[in-house]
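Here's the structure we're looking at; comments come further down.
Atoms within a ligand are numbered from 1 in the order they appear, just like the ligands themselves.
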Amino acid sequence: MDRSKILFKLVDVSFYYVPERVALNSVSIEVKEGESIGILGPNGSGKSTLLKILDGLLFPQRGKIFFEGKELTEKNFEDPSFNRYFRRKVVLLFQNVDAMLFSPTVRDELAFGLFQIGYSDSEIENKIMECSRKFRIEKLLNRSPFQLSEGEKKKVALASLLIIDPDVILLDEPTNELDPRSVRELLSYIKELRTAGKTIVTATHDLQMVNGFFDRIFVMNEEKKIVKVGDYETIFSDREFLKEVNLI
Ligand code: ADP
């Protein structure tokens with residue numbers, strides 16, 4: 001891992017779902033390899049939109065986004081080798097995990113990414129065993145992902161992303177709708193990823209996640225702009241600012 005390497009660079013990026021109504025407003029940021037970034041801001045401030053842009057699911061109408069120096073455009077994703085390269089490296093845990101689950105069983109859900117990469121059947125089986133033990137979802141392997149609790153669904157969705165060993169993990173409100181024990185488990189997985197040198201970008205308004213998880217925090221406001229960047233101490237020492245952006 002090279003902590004000085006810039007993975008993502010966004011230059012004056014704006015996004016509109018609907019003309020004239022900005023959903024992400026002139027964002028210019030960099031994310032370095034191995035960094036853990038928190039995106040904080042009230043509902044509707046553009047956090048999910050920013051994550052989807054980082055994941056190459058949405059493309060800005062204004063400004064540019066680069067990953068390892070290559071611009072992320074619809075055209076560049078048409079190149080199968082770049083598409084494969086990027087999709088192996090960068091994953092996004094959606095806020096609504098139902099949108100990510102599609103297989104008849106949890107086992108198939110876990111196998112899908114590995115199958116796409118070209119793993120053999122026996123390698124897939126080994127990986128599934130290892131991963132389901134780690135996430136404590138062995139008992140769910142033959143169940144339908146759609147019949148699980150929210151916490152179980154989230155674990156399966158996260159496991160299905162992490163099983164391919166990506167370098168960059170984008171997390172959209174990962175602790176939402178989880179009970180306290182599931183939150184603790186999830187936070188410990190995220191800590192492990194961080195220790196393993198992964199790059200992690202997390203959108204959250206769960207303030208219990210904030211302290212100790214992030215190297216840098218990007219604060220967004222209702223104008224869909226990033227209004228402050230800093231470490232935990234810098235951001236959370238300014239109570240007036242936190243009130244202003246509706247975070248407390
Ligand atoms: P956050 O994740 O901070 O809650 P979002 O990125 O979801 O914010 O939303 C940013 C803005 O874009 C909001 O004003 C929201 O209403 C709007 N928006 C989000 N998704 C859509 C969509 N699919 N169509 C139209 N507007 C959207």
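Interface of P42 with ligand 1, defined as ligand atoms under 4.0 Å from a residue heavy atom, comprises 3 (O). Within ligand 1, counting atoms from 1 as listed, the ones closer than 4.0 Å to a heavy atom of Y17 are 12 (O), 18 (N), 19 (C), 20 (N), 21 (C), 22 (C), 23 (N), 24 (N), 25 (C), 26 (N), 27 (C). Interface of T49 with ligand 1, defined as ligand atoms under 4.0 Å from a residue heavy atom, comprises 5 (P), 6 (O), 9 (O), 10 (C). If you number the atoms of ligand 1 from 1 as listed, the ones under 4.0 Å from a heavy atom of N43 come out as 4 (O). Using a 4.0 Å cut-off to heavy atoms of S45, the atoms of ligand 1 that qualify are 1 (P), 3 (O), 8 (O).
Looking only at heavy atoms of the protein, atom 13 (C) of ligand 1 is closest to G44 O, 3.6 Å. Nearest protein heavy-atom neighbour of atom 8 (O) of ligand 1: G46 N, 3.1 Å. Nearest protein heavy-atom neighbour of atom 7 (O) of ligand 1: S48 CB, 3.7 Å. The shortest contact between atom 12 (O) of ligand 1 and any protein heavy atom is with A23 CB, 3.3 Å.
Figure legend: K228 and F218 shown without cation-pi pairing, the cationic atom not lying both under 6.0 angstrom from the six-membered ring centre and within 45 degrees of its axis.
Between Y189 and F135, the ring planes are tilted. Angles from 30° to 60° get that label.
Between D167 and R88 there is no salt bridge, since none of the side-chain N atoms of the basic residue sits less than 4.0 Å from a carboxylate O of the acidic one. A salt bridge is defined here as a Lys NZ or Arg NE, NH1 or NH2 lying under 4.0 Å from an Asp or Glu carboxylate O, and R107 with E125 meets this definition. Residues D55 and R87 are paired through a salt bridge, judged by an N-O separation under 4.0 Å between the basic side chain and the carboxylate. Using a 4.0 Å cut-off between charged side-chain N and carboxylate O, D165 and K89 make no salt bridge. No salt bridge links K154 with E150; every basic N to acidic carboxylate O contact stays at or beyond 4.0 Å.
For atom 23 (N) of ligand 1, a protein heavy-atom neighbour is found at a distance under 4.0 Å. Counting protein heavy atoms under 4.0 angstrom from atom 15 (C) of ligand 1 gives zero.
Residue V22 has no N or O atom closer than 3.5 Å to an N or O atom of ligand 1.
Using a 4.0 Å cut-off between heavy atoms, K224 contacts ligand 1 through its side chain alone, with no backbone atom that close.
More than 12 heavy atoms of other residues, nucleotides or ligands sit less than 6.0 Å from atom NZ of K70.
Annotation: F67 is in aromatic contact with F86 [ring centroid separation under 6.0 Å].
Residue-ligand proximity: G41 is placed with every non-hydrogen atom at 4.0 Å or more from ligand 1.
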